[in-house]
Protein chains: 2
Amino acid sequence: MRHKNVEIVAEKCALQEILDVIGGKWAMSIIYALFSGTRRFSELERMIPGINTRMLVKELKNLTQNGIVTRKVYPTVPPTVEYTLTPKGRKLEPSIAELYKWGQEYVK
Amino acid sequence: MRHKNVEIVAEKCALQEILDVIGGKWAMSIIYALFSGTRRFSELERMIPGINTRMLVKELKNLTQNGIVTRKVYPTVPPTVEYTLTPKGRKLEPSIAELYKWGQEYVK
DNA sequence: CGGAATCCCTCAAGATACTG
DNA sequence: CAGTATCTTGAGGGATTCCG
């Protein structure tokens, strides 16, 4: 008999927070795009094929509220808005980079 | 000017495969539970609070089809079914472990 | 024990048009 | 340019019952 005691894993808190951040369909793509540095809204839109305005806005708002990215507005005309990863967000880099590596190794 | 060229990131293939595997609400919990070794269906059910039968079945089927876990049936009465990570699945360990660490560091 | 089969429902995600 | 504002759809997920 290999497993006498079944330990409880995946207590809600940690898992939920993680999935709230990277669980969305586009969150990882956005974070990944921001690894390369600060980006404007339209840059992100062009870097991530298939995303639409509404989803980009929504995810960026979510990431901002979760303390993953910061949003900086320049009062220009037309408006300029820049998004940057926070330290908390940058700490996701190793994990996400690893996941991408895994994906590339195992896709077909 | 910091970013002359906007590189395209997050091509669909890699990202889609990754999210098909760990994007589901319970996938990460299941994979995480299997890091500790082979588990029976009912063990997983007890290790992951909040999951229900249907979702566990569904995710395990998904993970099996994606080559993340293997399913072994023993013709006993009552039936015994064991789930184990494949090498491909075990290669997710570093990334997911990192994510959990991140979650624990940054939850509240 | 390890599922399969139903029913039900919310909400994530898409498309599109409009605006300061 | 960087977003709102609507409308719509389908799939993800939950609860429950039944079965070999």
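Note on naming: letters A, B, ... go to the chains in the order of the sequence lines (proteins, then strands), and numbering restarts at 1 for each one.
Note on B:Ser42: a side-chain N or O is less than 4.0 Å away from OP1 or OP2 of C:dG2. Here A:Tyr83 does not reach the OP1 or OP2 of D:dC1: none of its side-chain N or O atoms lies under 4.0 Å away. OP1 and OP2 of C:dA13 both lie 4.0 Å or more from every side-chain N or O belonging to A:Lys58.
The side chain of A:Trp26 lies closest to C:dG14, out of D:dT4, C:dG3, C:dG14. The side chain of A:Lys25 has C:dA13 as its nearest neighbour among C:dA13, D:dC1, D:dT4. Here the side chain of A:Asn52 is nearest to one of C:dG3, D:dC1, C:dA15, namely C:dA15. Closest approach to the B:Phe41 side chain among D:dG13, C:dA13, C:dG2 is made by C:dG2 (side chain taken as heavy atoms from C-beta onward). Taking the side chain of A:Pro79 as heavy atoms from C-beta on, and the options C:dA4, C:dA13, C:dG20, the nearest nucleotide is C:dG20.
In this structure, CG in B:Leu34 is found 11.5 Å from CG in B:Leu92, a value given to the nearest 0.5 Å.
One can place CG of B:Leu56 at 13 Å from P of D:dG13, the figure rounded to the nearest angstrom. Computed from coordinates, the A:Met55 CE to D:dT4 P distance equals 13 Å when rounded to whole Å. What separates OH of A:Tyr74 from P of D:dA2 is a distance of 12 Å, to the nearest Å. Rounded to an integer number of Å, the gap from A:Glu59 CD to C:dC11 P is 16 Å. Note: CZ (A:Arg39) to C1' (D:dA2) measures 17 Å, nearest angstrom. Put simply, CZ on B:Arg71 is 12 Å from C1' on C:dA4, counting in whole angstrom units. Atom CG of A:Leu60 and atom C1' of D:dG3 are 11 Å apart (whole Å). Distance, B:Leu44 CG to C:dC1 P: 14 Å, rounded to whole Å.
Taking for each of A:Pro78 and A:Lys61 the nucleotide of DNA chain D with the nearest heavy atom, the 5'-most of the two is the partner of A:Pro78.
Using the six-membered ring where Trp is involved, B:Tyr100 and B:Tyr32 have ring planes that are parallel, under 30° apart on the 30 and 60° scheme.
Applying the 6.0 Å contact sphere to NZ of B:Lys88 captures more than 12 heavy atoms from other residues, nucleotides or ligands.
Residue A:Val57 is in base contact, counting any heavy-atom pair closer than 4.0 Å across all strands shown. Within 4.0 Å (heavy atoms only), A:Thr80 reaches sugar-phosphate atoms of the nucleic acid but no base atom.
Using a cutoff of 4.0 Å between basic side-chain nitrogens and carboxylate oxygens, B:Glu98 and B:Lys101 are scored as salt-bridged.
Side-chain to base pairing of B:Arg54 with D:dG13: one donor and one acceptor N or O lie within less than 3.5 Å of each other.
At a threshold of 4.5 Å between non-hydrogen side-chain atoms, the residues A:Leu15 and B:Met28 count as touching.
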